[in-house]
Peer 1: 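Dropping a structure here in structure tokens format, bear with me for questions.
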Amino acid sequence: MKRTIKIVCCLVAALLFLYLMIWDYPSLKKRLDPIVYSAELSEETNGDKGSAEAAGNLEKDNEAGTQDEQEESTHAQSTEQEEQPAAAACEVHLYFDQIFESAYEQLYPVMKEKGYTGTLVLVDGQLPGDRLQMTEDQCREMLDNGWELAIGGSEEIDMSGNTEEVAVKWGTYLKQYLKDIKTRMNVVPTTYCFNEGEYREEFDPILKELGFTTIRYYGDQELEAEKDGLTRIRGYRINQEVEIDDVLEDLNGYSAVALSTRRVADDIKTPSEDIEIGRFKKLLDSLGSDPRKKV
């Protein structure tokens with residue numbers, strides 16, 4: 001009997017538990033779902049966060065790699081530029097083919113202010129102190145401040161003639177001119193200035209024999225700078241009619257150039273041979289600010 005009662009009680013308890021499970025399932029599910037959902041959400045969030053962090057790290061790695069490549073490229077370009085030798089600056093010499101008083105009164109102060117010196121070219125046997133020329137004292141002052149004297153040709157001598165005939169007349173002219181300059185100025189010029197179309201290499205021995213070391217010539221092409229003990233500088237005419245930008249551009253193709261003009265003054269009468277002082281100042285300023293030029 002007791003055994004039967006125990007069995008009945010167990011069945012009742014089981015039925016009661018089953019009834020409660022069925023009757024209260026929705027409420028129980030609501031209490032259990034947040035716990036499960038929270039656990040799933042935590043796993044998903046951690047997964048997304050890890051993916052985001054991985055993507056961010058990958059993007060940073062890509063950016064760092066790109067930056068490293070750019071730095072390497074920049075360094076390579078910089079190294080390549082450093083390895084390339086810089087183009088030599090064109091040496092610019094300033095020649096003035098007359099010794100008018102205006103060269104002392106107007107040109108000289110401008111050149112002195114900018115720290116430049118030039119070469120005065122004596123032509124046709126003229127000397128400082130002669131009529132319409134600067135005085136001996138003015139010329140000496142310029143020489144004392146770094147200027148030089150050079151010798152040019154004479155209108156009485158046709159340099160295009162037979163070399164032997166020219167050599168006799170020209171050689172006699174040069175010897176006497178050198179002697180006169182030495183007597184009056186106590187200076188012996190060592191530079192000779194040819195005009196357009198006059199220079200021939202056959203004249204070199206005559207110049208060397210008389211003690212000349214430098215020549216100015218004109219030509220379409222630059223000659224070998226040093227030959228047989230003579231320095232050869234290509235002449236380039238400047239005047240009121242030339243464009244300064246064109247001059248600067250032309251000089252880039254040469255190692256040394258003698259910019260030459262006849263007269264620099266306020267009142268010029270021959271624009272094809274002379275240049276106004278204001279325009280000449282602009283040329284000097286342009287030359288001085290151009291690293292490719294060495295005046």
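Reckoned from all heavy atoms, side chains included, excluding hydrogens, waters and symmetry mates.
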Peer 1: Find out whether Val247 and Ser286 are in side-chain contact, i.e. whether some heavy atom of one side chain is under 4.5 Å from a heavy atom of the other.
Peer 2: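 The answer is no, as the side chains (C-beta and beyond) never meet within the 4.5 Å cut-off.
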
Peer 1: Hey, could you give me the CG/CG distance between Asp250 and Leu259, rounded to the nearest 0.5 Å?
Peer 2: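 Result: 10.5 Å between the selected atoms.
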
Peer 1: Within the side chain of Gln106, is there an N or O that forms a donor-acceptor pair under 3.5 Å with the backbone of Asp266?
Peer 2: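 Checked: pair present.
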
Peer 1: Given 3.5 Å as the limit, does a donor-acceptor pair link the side chain of Gln240 with the main chain of Glu276, or not?
Peer 2: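 Looks like yes, one N/O pair under 3.5 Å.
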
Peer 1: With rounding to the nearest 0.5 angstrom, report the CG to CG distance, Leu251 to Asp246.
Peer 2: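 Reported value, rounded in 0.5 Å steps: 10.5 Å.
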
Peer 1: Are Phe194 and Leu207 close enough that some pair of their side-chain heavy atoms sits under 4.5 Å apart?
Peer 2: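 Yes, at least one pair of side-chain atoms sits under 4.5 Å.
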
Peer 1: Can you tell me if Arg237 uses its side chain to pair, donor with acceptor, with the backbone of Tyr218 under 3.5 Å?
Peer 2: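 Between the backbone of Tyr218 and the side chain of Arg237 there is no qualifying donor-acceptor contact (under 3.5 Å).
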
Peer 1: Would you check if Leu248 and Leu287 make a side-chain contact, meaning some heavy-atom pair closer than 4.5 Å?
Peer 2: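 Yes; the side chains approach each other to less than 4.5 Å.
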
Peer 1: Drop me the distance from Tyr104's OH to Met134's CE, to the nearest 0.5 angstrom.
Peer 2: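 Answer rounded to 0.5 Å: 9.0 Å.
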
Peer 1: Any link between Leu284 and Leu120 through a network of hydrophobic side chains (Ile, Leu, Val, Met, Phe, Trp, Tyr) touching at under 4.5 Å?
Peer 2: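 Per the 4.5 Å side-chain linkage, Leu284 and Leu120 are co-clustered.
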
Peer 1: Determine the minimum heavy-atom distance between Arg184 and Pro128, stating which atoms define it.
Peer 2: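 Heavy atoms only, the tightest pair is NH1-O, 2.9 Å.
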
Peer 1: Taking all non-hydrogen atoms of both residues, which atom of Glu243 and which atom of Arg279 are closest, and how far apart?
Peer 2: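 The pair with the smallest heavy-atom distance is CA-NH2, 3.8 Å.
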
Peer 1: Are Val123 and Leu107 linked, directly or through other ILVMFWY residues, by side chains that come within less than 4.5 angstrom of each other?
Peer 2: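 Val123 does not cluster with Leu107.
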
Peer 1: Do side-chain atoms of Glu222 reach the backbone of Ser255 as a donor and acceptor pair under 3.5 angstrom?
Peer 2: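 The answer is yes, because a donor-acceptor pair under 3.5 Å joins these two groups.
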
Peer 1: For a quick test of reading the model, state the closest non-hydrogen atom pair linking Arg234 to Gly219 and the distance between them.
Peer 2: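 So the minimum-distance heavy-atom pair works out to NE-O, 2.8 Å.
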
Peer 1: Any donor and acceptor pair, going by atom type alone, linking the side chain of Arg232 with main-chain N or O of Tyr217 inside 3.5 Å?
Peer 2: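 No, the answer is negative, given that no donor and acceptor are paired below the 3.5 Å cut-off.
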
Peer 1: Do Met111 and Val121 share a hydrophobic cluster (ILVMFWY, side-chain heavy atoms under 4.5 Å, transitive)?
Peer 2: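 Different clusters: Met111 never reaches Val121 through Ile, Leu, Val, Met, Phe, Trp or Tyr contacts under 4.5 Å.
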
Peer 1: Group every Ile, Leu, Val, Met, Phe, Trp and Tyr by side-chain heavy-atom contacts under 4.5 Å, then state whether Trp147 and Ile233 land in the same group.
Peer 2: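 Cluster IDs for Trp147 and Ile233 differ.
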
Peer 1: For Lys114, I'd like to know if atom NZ has over 12 heavy atoms of other residues, nucleotides or ligands within 6.0 Å.
Peer 2: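 Yes.
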
Peer 1: Taking the side chain as every heavy atom from C-beta outward, state whether Asn252 and Lys293 have any atom pair closer than 4.5 Å.
Peer 2: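 They are in contact (side-chain heavy atoms under 4.5 Å apart), so the answer is yes.
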
Peer 1: Is Tyr95 reachable from Tyr177 through a run of hydrophobic residues whose side-chain heavy atoms are each under 4.5 Å from the next?
Peer 2: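 Shared cluster, no.
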
Peer 1: Please say whether more than 12 non-hydrogen atoms of neighbouring residues, nucleotides or ligands are located less than 6.0 Å from CD in Glu155.
Peer 2: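 Counting other residues, nucleotides and ligands, CD of Glu155 stays at 12 neighbours or fewer.
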
Peer 1: If the threshold is 4.0 Å, N to carboxylate O, is there a salt bridge linking Asp267 and Arg263?
Peer 2: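 Between Arg263 and Asp267 there is a salt bridge, with a charged N closer than 4.0 Å to a carboxylate O.
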
Peer 1: Report yes if some heavy atom in the side chain of Glu201 is under 4.5 Å from a heavy atom in the side chain of Leu230; otherwise report no.
Peer 2: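 No, too far: nothing below the 4.5 Å cut-off.
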
Peer 1: Within the structure provided, determine whether Glu148 and Pro189 are in side-chain contact (heavy-atom separation under 4.5 Å).
Peer 2: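 A side-chain contact is absent here, since even the closest heavy-atom pair is not under 4.5 Å.
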
Peer 1: Within this structure, what is the CD1-CG distance for the pair Ile268 and Asn239, rounded to the nearest 0.5 Å?
Peer 2: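 Answer for the CD1-CG pair, Ile268 versus Asn239, is 8.5 Å.
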
Peer 1: Would you say CD of Glu226 has more than 12 non-hydrogen atoms from neighbouring residues, nucleotides or ligands within 6.0 angstrom?
Peer 2: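 Yes, CD of Glu226 has more than 12 neighbouring heavy atoms, counting only those of other groups under 6.0 Å.
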
Peer 1: Give every residue pair that meets the side-chain hydrogen bond (donor to acceptor under 3.5 Å, both in side chains) criterion with at least one member in residues 164-174, sequence neighbours excluded.
Peer 2: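 Of all non-adjacent pairs touching residues 164-174, those that pass side-chain hydrogen bond (donor to acceptor under 3.5 Å, both in side chains) are Trp170-Tyr192.
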
Peer 1: Does any part of the side chain of Thr163, heavy atoms only, come nearer than 4.5 Å to the side chain of Phe203, both counted from C-beta?
Peer 2: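 Yes, close enough: below the 4.5 Å cut-off.
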
Peer 1: Using 4.0 Å as the upper bound for N to carboxylate O, is an ion pair formed by Arg262 and Asp274?
Peer 2: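 Salt bridge: yes.
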
Peer 1: Roughly how far apart are Arg131 CZ and Gln133 CD, rounded to 0.5 Å?
Peer 2: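 Answer rounded to 0.5 Å: 10.0 Å.
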
Peer 1: Could you give the distance from CD1 (Ile181) to CG (Leu122), rounded to the nearest 0.5 Å?
Peer 2: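 It comes to 4.5 Å.
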
Peer 1: Is it true that Lys282 and Asp285 make a salt bridge, defined as a side-chain N closer than 4.0 Å to a carboxylate O?
Peer 2: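 Looking at Lys282 and Asp285, the cut-off is not met.
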
Peer 1: Quick one: does Asp180's side chain have a donor or acceptor within less than 3.5 Å of a partner on Thr183's backbone?
Peer 2: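 Looks like no, no N/O pair under 3.5 Å.
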
Peer 1: Do the side chains of Lys281 and Glu113 get close enough for a salt bridge, i.e. N-O under 4.0 angstrom?
Peer 2: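 Result for this pair is no, no salt bridge flagged.
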
Peer 1: Taking atom types as modelled, is there a side-chain donor on Glu141 or Asn145 under 3.5 Å from an acceptor on the other?
Peer 2: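 Absent: no donor and acceptor within the cut-off.
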
Peer 1: Okay, side chain of Asp290, backbone of Arg292: is any donor-acceptor separation there less than 3.5 Å?
Peer 2: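 Answer holds: yes.
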
Peer 1: Decide side chain to side chain donor-acceptor pair (under 3.5 Å) for Tyr199 and Asp204; before the verdict, give the C-alpha distance in whole Å, the side-chain angles of both, and the deciding distance to 0.1 Å.
Peer 2: CA-CA 9 Å; Tyr199 175 64; Asp204 290 356; 2.9 Å; yes

Peer 1: For the residue pair Val166 and Glu202, establish whether any side-chain heavy-atom pair is separated by less than 4.5 Å.
Peer 2: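 With C-beta onward as the side chain, the pair stays apart.
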
Peer 1: Of the non-hydrogen atoms in Ala150 and Thr119, which two are nearest, and what is the gap between them?
Peer 2: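 Smallest heavy-atom distance, with atoms named: CB-CG2, 3.6 Å.
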
Peer 1: Is it true that a side-chain atom of Thr261 and a backbone atom of Glu273 form a donor plus acceptor pair closer than 3.5 Å?
Peer 2: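 Flag set: sc Thr261 to bb Glu273 pair under 3.5 Å.
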
